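Heads up, the thing below is written out as structure tokens.
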Amino acid sequence: YAAKTVTFAVTITSNGTSLGTYNGLGTFTAGTNQFSGTLTAPGSALSGNFSGSLFGAAGEEVGLAFSLTGTPIISGTPGKRTAIGLVLGK
């Protein structure tokens with residue numbers, strides 16, 4: 001927290017199909033409990049952004065929203081795709 005950076009890895013699934021393990025890298029907004037950054041996965045056609053906050057008396061809970069976009073090939077068919085979601089933790 002003192003470094004004012006956020007890093008994490010999360011595996012994202014859609015309807016039981018893995019979209020991959022994404023690495024989050026972001027920074028805190030000065031003087032707040034809010035952060036934002038980017039999500040990427042090696043070899044994935046999807047990438048995006050996230051934003052979130054720490055909650056609780058000591059900032060021991062986290063919540064963030066993300067969105068991914070790209071043109072992956074799914075079942076042999078290329079096309080623009082979007083994924084959105086939430087990550088909650090304690």
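What you see is a predicted model, and the numbers here were worked out from it, not measured in a lab.
Looking at T71 and K80, their side chains come closer than 4.5 Å, going by heavy atoms from C-beta outward. F8 is not listed as a side-chain neighbour of V87, based on a closest heavy-atom distance of 4.5 Å or more.
Of the N and O atoms on the side chains of T21 and T11, at least one donor lies less than 3.5 Å from an acceptor on the other residue. Side chains of Y22 and T40: a donor-acceptor N/O pair is absent below 3.5 angstrom, by distance only.
Applying the side-chain hydrogen bond (donor to acceptor under 3.5 Å, both in side chains) rule to T82 yields no partners; only residues at least two apart in sequence or on another chain are considered. In this structure, S47 has no side-chain hydrogen bond (donor to acceptor under 3.5 Å, both in side chains) partners at least two apart in sequence or on a different chain.
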- request: Might you work through the side chain to side chain contact (heavy atoms under 4.5 Å, CB included) test for L54 and F35, ending with a clear yes or no?
  value: CA-CA 8 Å; L54 296 178; F35 53 85; 4.3 Å; yes
- request: Starting from the C-alpha separation in whole Å, work towards a yes-or-no answer on side chain to side chain contact (heavy atoms under 4.5 Å, CB included) for V6 and F28.
  value: CA-CA 7 Å; V6 174; F28 279 89; 3.5 Å; yes
- prompt: Does the pair L46 and R81 meet the rule for a side chain to side chain contact (heavy atoms under 4.5 Å, CB included), with working shown?
  reply: CA-CA 8 Å; L46 295 172; R81 306 283 192 248; 4.2 Å; yes
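Identified under the salt bridge (charged side-chain N to carboxylate O under 4.0 Å, His left out) test for residues 29-56, with sequence neighbours left out: none. For residues 9-18, no pair satisfies salt bridge (charged side-chain N to carboxylate O under 4.0 Å, His left out), with sequence neighbours left out. Within the structure, no pair that satisfies the salt bridge (charged side-chain N to carboxylate O under 4.0 Å, His left out) test touches residues 15-36, not counting sequence neighbours. Identified under the salt bridge (charged side-chain N to carboxylate O under 4.0 Å, His left out) test for residues 35-63, with sequence neighbours left out: E61-K90.
Atom OG1 of T32 sits about 9.5 Å away from atom NZ of K4, to the nearest 0.5 Å.
The shortest non-hydrogen separation linking T7 to L25 is CG2-CD1, 3.6 Å. What you find for A83 and L19 is that their closest heavy atoms are CB-CD1, 4.1 Å. Pairing each heavy atom of F50 with each of L64, the nearest pair is CB-CD1, 4.0 Å. Considering all non-hydrogen atoms of both residues, L86 and F66 come closest at N-CE2, 3.7 Å.
Within a 6.0 Å sphere centred on CG of L88, heavy atoms belonging to other residues, nucleotides or ligands number more than 12.
Side-chain atoms of N23 never come within 3.5 Å of backbone atoms of A9 as a donor-acceptor pair (strictly under, hydrogens ignored).
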